[in-house]
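Heads up: the structure comes next, in structure tokens.
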Number of protein chains: 4
Amino acid sequence: MTRTPHRRGADRTEAIMRTTLELGQEIGYANLSMEAVAARAGASKQTLYRRWSSKGALLLDSLLSLNEPGLDYPYTGDLAADLRAQIYAAVDLLAGPPYGALFQALVGEAQHDRRVAVALNERFIAPQADKTVARLRAARDQGQLSPDFDLDLAMAILSGPLYFRLLITQEPLTHAYIDRVLDVLFAGMTPRP
Amino acid sequence: MTRTPHRRGADRTEAIMRTTLELGQEIGYANLSMEAVAARAGASKQTLYRRWSSKGALLLDSLLSLNEPGLDYPYTGDLAADLRAQIYAAVDLLAGPPYGALFQALVGEAQHDRRVAVALNERFIAPQADKTVARLRAARDQGQLSPDFDLDLAMAILSGPLYFRLLITQEPLTHAYIDRVLDVLFAGMTPRP
Amino acid sequence: MTRTPHRRGADRTEAIMRTTLELGQEIGYANLSMEAVAARAGASKQTLYRRWSSKGALLLDSLLSLNEPGLDYPYTGDLAADLRAQIYAAVDLLAGPPYGALFQALVGEAQHDRRVAVALNERFIAPQADKTVARLRAARDQGQLSPDFDLDLAMAILSGPLYFRLLITQEPLTHAYIDRVLDVLFAGMTPRP
Amino acid sequence: MTRTPHRRGADRTEAIMRTTLELGQEIGYANLSMEAVAARAGASKQTLYRRWSSKGALLLDSLLSLNEPGLDYPYTGDLAADLRAQIYAAVDLLAGPPYGALFQALVGEAQHDRRVAVALNERFIAPQADKTVARLRAARDQGQLSPDFDLDLAMAILSGPLYFRLLITQEPLTHAYIDRVLDVLFAGMTPRP
DNA sequence: AAGTAAGCGAGACGGTACGTCGGGTCTTTGT
DNA sequence: ACAAAGACCCGACGTACCGTCTCGCTTACTT
């Protein structure tokens with residue numbers, strides 16, 4: 001019997017993450033198990049546990065591997081357009097098919113597992129928030145926003161309703177909805193005449 | 001050994017829910033099991049499953065039982081004050097000690113279990129949202145808000161940042177933060193002069 | 001799908017022991033696993049571990065269940081004939097097919113697991129030895145043996161070579177071999193004229 | 001970090017066998033693993049498997065290395081004295097501390113692994129038996145034993161009770177016990193007057 | 001002296017089984 | 001009639017070792 005030679009390191013890591021996403025889509029995160037991922041990936045459980053301490057950590061890595069380059073902001077000078085473009089991209093990747101349900105489950109897992117919560121924050125939430133805040137700060141520096149504007153809060157008001165839809169009411173996150181949020185935000189943000 | 005005589009119906013239900021909250025606080029939702037609740041409550045697993053289909057359903061009932069009267073809005077005529085009072089009350093009950101962590105876990109569970117998500121929506125999220133929208137509508141009808149104001153979106157912009165803090169950044173939800181959100185909301189909501 | 005109703009207690013115990021012997025014969029004790037026994041018996045591993053703390057304990061019970069009535073001595077008055085008959089019976093049951101290999105493995109296991117050793121001694125070795133000694137004592141009391149004869153040692157000299165064959169040289173234990181041992185024993189035991 | 005330079009061949013073999021005996025004494029054969037021996041000996045598992053096919057083979061070699069010169073019989077002309085001396089030596093080496101437990105475990109392993117059984121027989125049991133038979137044959141040739149005496153059986157009657165004690169009843173093997181066995185053997189063996 | 005091949009430590013890898021936990025279902029027993 | 005108790009099957013957990021493998025480094029021969 002011919003045996004597949006063992007692949008090492010990154011090879012295996014990548015194959016396992018790919019399998020995680022595949023299987024996660026097929027049977028859902030709740031039914032996903034380390035056991036099943038290992039079996040499907042042709043890997044041993046040890047190999048999984050060598051790299052990830054839990055199902056949540058594995059899914060986190062798997063999902064973030066989809067976005068290696070990061071979701072960076074365009075900079076056209078038009079604040080509203082730039083925000084919109086970036087949020088469209090982020091939402092399209094993580095809230096819609098095929099990975100939306102898994103990202104949602106990941107945030108759910110973060111409520112049960114502090115390590116997942118911390119990792120999710122450090123590796124995705126905070127970087128994204130920082131980019132948003134940086135874009136807003138640039139706009140404020142150019143006088144497009146009131147000098148006393150609360151950048152962090154603006155970021156939260158932008159993100160909050162989106163996560164609210166994703167996690168709480170669990171309705172689809174359309175571009176139209178994003179536009180509505182942006183509209184209100186700018187109505188309150190732009191300097192009063 | 002003295003044996004506890006069997007209690008029936010509502011008696012048992014209440015005792016089990018009380019035990020769920022107790023044990024949930026002690027060991028956390030992730031470590032909570034139907035098995036453990038049954039043992040601590042002196043009930044059989046059958047009795048639990050007779051009433052609740054899952055751990056999530058049990059926790060949902062247990063948490064909602066804390067708020068039998070519901071979180072109703074005061075109506076003083078001052079919109080900002082009324083919103084603030086109601087949100088303070090809701091956040092104090094569900095985001096702080098001792099039940100905040102369990103409520104957070106419940107929302108997490110809703111990401112893994114559609115039935116929990118639906119029940120949570122129907123029995124808590126939607127009713128609260130309806131109350132908020134109703135209060136805003138009353139204000140709009142009285143000319144305190146622009147006639148074309150988007151009530152649902154306002155509710156989302158109010159709730160979103162709070163859930164964002166609770167679930168995503170997992171920082172404490174202070175009254176000061178609530179005030180900041182309300183301030184921005186009103187800056188954008190009130191009719192421009 | 002129709003489900004087999006769960007059988008309880010003794011039912012399960014018996015089925016599992018039967019499976020242990022079957023599977024043990026097929027694949028050998030070294031390859032036998034709690035996992036495989038459970039699967040073949042249609043039982044859960046918990047059920048196995050509820051009753052037996054280890055593979056050795058399970059095999060011990062399984063083998064001893066073959067000999068519920070015990071291997072009792074006939075008493076014809078002829079010492080040599082009685083010993084021979086009883087040893088034939090014991091050896092035929094435990095040293096030949098189909099269970100010889102498993103009994104041999106059980107004694108092997110007793111070298112690795114003190115609890116197995118103790119249980120094996122208490123439940124099989126010692127009772128058998130006692131019966132042999134009792135039969136010898138009766139003969140001595142009737143003057144068929146020297147009054148100062150060492151009964152325990154005689155038992156050991158009778159049993160030792162048999163176990164030596166079974167465990168050390170691992171040659172088949174024939175009736176002829178038993179006869180040779182008995183002959184020498186009696187040559188040394190019977191009162192000199 | 002300073003690295004130990006690689007030693008070769010016999011060097012490594014000897015170090016590994018020494019470690020096997022050490023570790024075997026400390027944690028017992030049942031808990032011993034190739035993994036642990038390799039780690040303790042600072043060897044790789046590959047190196048172990050290059051030399052020994054299994055844990056049993058390794059222990060066999062390790063134990064036999066303790067007895068490089070072999071257990072040879074003295075020849076004083078006094079059969080009983082010679083047998084006694086040799087058996088004392090063998091029993092003291094292999095049934096008492098510090099290696100008795102490991103030798104016992106090795107015989108146990110021989111029940112599970114045919115290759116170990118064969119190797120144990122060829123390299124220890126048979127040579128010892130041959131020496132005993134040779135000594136007995138010399139005595140018979142000199143008329144100290146009946147001409148029709150069964151030498152092989154005598155050897156078994158000598159060894160059997162000792163292994164019976166070691167493996168079955170697992171009581172300590174004292175010189176006094178050896179003497180008792182020898183006494184009975186000679187009572188039955190020596191030519192009748 | 002340089003080059004090469006074998007031996008080695010290290011440890012990743014696919015597996016199998018371990019012994020445990022909890023899920024949800026079912027039977028038994030007692031009140 | 002209903003509840004506690006807990007046996008039961010099942011699936012997964014996270015761990016331990018197995019025996020095989022790949023990787024560089026070290027050592028000792030070969031040229």
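A note on names: the letters A, B, ... follow the listed sequences, proteins ahead of strands, and every chain is numbered from 1. Fair warning: this is a prediction, and the values are worked out from it, not measured in the lab.
Within the 4.0 angstrom heavy-atom criterion, no nucleotide atom of any strand lies near Ala38(B). Ala36(D) comes within 4.0 angstrom of nothing in the nucleic acid, heavy atoms only.
Between dA4(F) and Arg12(B), a contact under 4.0 Å exists linking OP1 or OP2 to a side-chain N or O. Residue Arg50(B) places at least one side-chain N or O closer than 4.0 Å to OP1 or OP2 of dA3(F).
With a 3.5 Å limit on both pairing distances and Watson-Crick or G-U wobble geometry required, the stems of 3 or more pairs in DNA chain F span E:1-31 with F:1-31.
With ring centers used as reference points, Phe103(D) lies 6.0 Å or more from Tyr29(D).
Thr47(B) and Arg12(B) share no side-chain donor-acceptor pair at under 3.5 Å. Side-chain polar atoms of Ser54(D) and Arg115(D) form no donor-acceptor pair below 3.5 angstrom.
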Check nucleotides 15-17 of chain F against the protein and report each pair of N or O atoms closer than 3.5 Å, with its distance, or say if there are none.
from: dA16(F); atom 1: N7; to: Gln46(A); atom 2: NE2; distance (Å): 3.1

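Of the two residues contacting DNA chain E, namely Ala43(D) and Ser53(C), the nearest-nucleotide position lying further toward the 5' end is that of Ala43(D). Heavy-atom distances to DNA chain F give each of Gly42(C) and Ser54(A) a nearest nucleotide, and the one nearer the 5′ end belongs to Gly42(C).
Listed here is the closest heavy atom pair of Thr13(B) and Arg51(B): OG1-NE, 2.5 Å.
Closest to the side chain of Ser44(A), out of dG14(E), dA12(E), dC9(F), is dG14(E).
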